[in-house]
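Predicted model only: the values in this text are computed from it and were never measured.
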Amino acid sequence: LIRRETAVGTKTKMTRDTYLEVLDANYQIVKTIEIDDSMHDYVLTSFLSDMQAYEDYIYFYNASNYGYLSHVENNSLKEICKNRNLEMAVNTGSDQPIFYIRKTNSVFLLDDKNGSLTEVKLNIKNEYAIKTILCNNDSCFIVFSADDSPDFAYLIEKEKLANCVFPCE
């Protein structure tokens, strides 16, 4: 639940407070996390189209294609990564989320122990780029696209992601 409070101010200065409220199964607030102005301005100024939680990590994506990955620390959000077209792979039953930047060859693996992202540059041929990724614990289904060309899709083992060559032909 995202709650926004706007206090009365002058014409030149308005105060705005935005919070992420964590609810339990009975819809009772169990935690309130303050969202700072820079995060708010980056991702929450447009319609929020996706929000995912994974342990203490929260991912936001808005209708303007801005993605924001953060870690909850001391009732605030610490930025890990923000980027245009940063998307979270659809993770059916996956224990490790995968992130990618659409229309590039960049995939990011989250190390949830230290909060870092490791970038993997996929070896994609023929000027193709990532269109979308779906994952489970063992494998990834990746669709590649290029202008005025047919899409190509590959199903690969997740552990071999960094070493695969995607010919797209």
Side-chain angles (χ1 to χ4, degrees), residues 1-5 16-122 129-145 151 153-162:
L1 175 67
I2 295 180
R3 175 173 51 92
R4 184 170 181 201
E5 297 176 355
R16 174 189 65 224
D17 295 318
T18 306
Y19 302 93
L20 178 66
E21 293 181 333
V22 181
L23 309 177
D24 65 14
N26 296 315
Y27 301 102
Q28 300 299 310
I29 297 171
V30 294
K31 184 187 282 189
T32 299
I33 301 166
E34 187 170 1
I35 295 177
D36 67 26
D37 287 342
S38 65
M39 185 277 189
H40 179 278
D41 293 345
Y42 186 77
V43 77
L44 295 178
T45 54
S46 180
F47 175 76
L48 193 62
S49 59
D50 191 17
M51 185 171 83
Q52 301 286 328
Y54 168 75
E55 294 181 6
D56 288 335
Y57 296 89
I58 301 175
Y59 164 75
F60 300 90
Y61 194 76
N62 70 18
S64 297
N65 299 319
Y66 288 97
Y68 187 94
L69 176 63
S70 59
H71 184 252
V72 178
E73 293 181 10
N74 301 321
N75 289 333
S76 64
L77 297 178
K78 177 187 170 203
E79 176 187 314
I80 294 176
C81 183
K82 66 181 182 181
N83 205 311
R84 178 105 189 200
N85 295 320
L86 175 69
E87 297 195 24
M88 182 175 174
V90 175
N91 293 299
T92 305
S94 178
D95 59 359
Q96 181 192 30
I98 290 181
F99 299 88
Y100 63 97
I101 299 177
R102 191 168 26 90
K103 300 181 182 178
T104 71
N105 68 336
S106 294
V107 173
F108 299 92
L109 306 175
L110 176 64
D111 181 339
D112 57 4
K113 302 219 183 332
N114 67 20
S116 66
L117 283 179
T118 301
E119 183 175 10
V120 174
K121 294 280 194 179
L122 299 183
I130 300 167
K131 182 176 184 179
T132 192
I133 301 177
L134 293 88
C135 293
N136 62 24
N137 275 338
D138 303 317
S139 58
C140 294
F141 180 77
I142 307 174
V143 179
F144 298 99
S145 64
D151 290 354
Y154 296 88
L155 179 64
I156 63 162
E157 293 177 40
K158 191 185 277 187
E159 64 189 33
K160 296 180 180 177
L161 189 63

Using the rule ring-ring contact (aromatic ring centres under 6.0 Å, His included), only one of Phe99, Tyr54, Phe108 pairs with Tyr59; which is it?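 Exactly one pass, corresponding to Phe99.
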Which residues pass the ring-ring contact (aromatic ring centres under 6.0 Å, His included) test with [X], sequence neighbours left out?
| X | value |
| --- | --- |
| Tyr61 | none |
| Tyr68 | none |
| Phe144 | Tyr154, Phe166 |
| Tyr57 | His71 |

Got [X] and [Y] here, is their nearest side-chain heavy-atom distance under 4.5 Å?
| X | Y | result |
| --- | --- | --- |
| Leu109 | Ile98 | yes |
| Val72 | Lys31 | yes |
| Leu77 | Asp36 | no |
| Asp138 | Lys158 | no |

N/O donor-acceptor pair under 3.5 Å between Asp24 side chain and Asn26 backbone: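 Side chain of Asp24 to backbone of Asn26, a donor-acceptor pair under 3.5 Å: yes, one is there.
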Mark yes or no for whether Ser70, through its side chain, and Ile58, through its backbone, hold a donor-acceptor pair below 3.5 Å. yes
How many angstroms lie between atom [atom1] of [X] and atom [atom2] of [Y], to the nearest 0.5 angstrom?
| X | Y | atom1 | atom2 | answer |
| --- | --- | --- | --- | --- |
| Leu110 | Glu55 | CG | CD | 8.5 Å |
| Glu87 | Asn65 | CD | CG | 7.0 Å |
| Cys81 | Leu69 | SG | CG | 6.5 Å |
| Glu159 | Cys140 | CD | SG | 11.0 Å |
| Asp56 | Glu73 | CG | CD | 9.0 Å |
| Tyr27 | Glu21 | OH | CD | 15.0 Å |

Can you list everything that forms a salt bridge (Lys or Arg N to Asp or Glu O under 4.0 Å) with Glu34? Sequence neighbours excluded, please. none
Apply side-chain contact (heavy atoms from CB on, under 4.5 Å) to Leu161 and Ile156, showing your working. CA-CA 7 Å; Leu161 189 63; Ile156 63 162; 3.3 Å; yes
Result of checking Ile133, Asn105, Leu86, Leu122 against Tyr100 for side chain to side chain contact (heavy atoms under 4.5 Å, CB included): Ile133
Which heavy atom of Asn62 sits nearest a heavy atom of Ser46, and at what distance?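 Answer, listing the atom of Asn62 first, then Ser46: ND2-CB, 3.7 Å.
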So which heavy atom on Ser49 is nearest to which on Ala63, and how close?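 Scanning both residues, the minimum pair turns out to be OG-N, 3.9 Å.
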Pairs touching residues 76-86 that satisfy side chain to side chain donor-acceptor pair (under 3.5 Å), sequence neighbours left out: Tyr66-Arg84, Asn85-Arg102
For Asn74, I'd like to know if atom CG has over 12 heavy atoms of other residues, nucleotides or ligands within 6.0 Å. no
Chi angles and distances behind the side-chain contact (heavy atoms from CB on, under 4.5 Å) call for Leu23, Ile29: CA-CA 5 Å; Leu23 309 177; Ile29 297 171; 3.6 Å; yes
